[in-house]
Amino acid sequence: MNEELHERVRELVAAVPPGKVATYGDIAALAGASTPRLVGRVLSEDGLDLPWHRILRANGTPAPHLARRQLELLRAEGVLADGKKVNLRTYRWRSNSG
DNA sequence: GCGGTGACGCGGC
DNA sequence: AGCCGCGCCACCG
């Protein structure tokens, strides 16, 4: 595995500011990963020391097994969710042109 | 090398 | 609103 890529992901995830969120696809693209799945894999290994809760799926929903946790932590940062979905148009880190 | 798996994402029905 | 298939790729048995 490319440890550089691994670091890139960590850096990017850590770069997401409080009150904002990013998608796996965004992180993957910025990190240069060929697939967003790699992002999830990295977080599953070292996400413990990262603001992993700021990473959402492309539709604004968190991962099912972390959904409750995700939304709870985001809520503490001011990121409100509609049920299980977060309005990326409002909270997405950069690229929120719309 | 092969098949199954998974913090994903898009298209089709 | 749910279900399926494909692409993608490292990890595991």
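A note on names: the letters A, B, ... follow the listed sequences, proteins ahead of strands, and every chain is numbered from 1. The model shown is predicted, which means the values in this text are computed figures rather than measured ones.
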| remark: Letter by letter from the 5' end, nucleotides 6-13 of chain B scores (B base, S sugar-phosphate only, - none; protein heavy atoms under 4.0 Å) BBBSS---
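Residue A:K84 contributes atom NZ, which lies 13 Å from atom C1' of C:dG2 at whole-angstrom precision. Going from atom CG of A:L38 over to atom C1' of C:dC8 covers 8 Å, rounded to whole Å.
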| When you look at A:R94 and A:D26, which way does the salt bridge (Lys or Arg N to Asp or Glu O under 4.0 Å) test go after all the steps? | CA-CA 10 Å; A:R94 318 191 320 159; A:D26 283 347; over 6 Å; no
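A:R54 places a side-chain N or O within donor-acceptor distance of the main-chain N or O of A:V16, the cut-off being under 3.5 Å. In this structure, A:Q70 contributes its side chain and A:H65 its backbone to no donor-acceptor pair below 3.5 Å.
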Under 3.5 Å donor-acceptor pairs involving side-chain atoms of residues 8-15 of chain A, not counting sequence neighbours:
from, atom 1, to, atom 2, distance (Å)
A:R10, NH1, A:D46, OD2, 3.1

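The base-pairing partner of C:dC12, taking Watson-Crick or G-U wobble contacts with both distances under 3.5 Å, is B:dG3.
Scanning all heavy atoms of the two residues, the minimum distance from A:W93 to A:A22 falls at CE3-CB, 4.4 Å.
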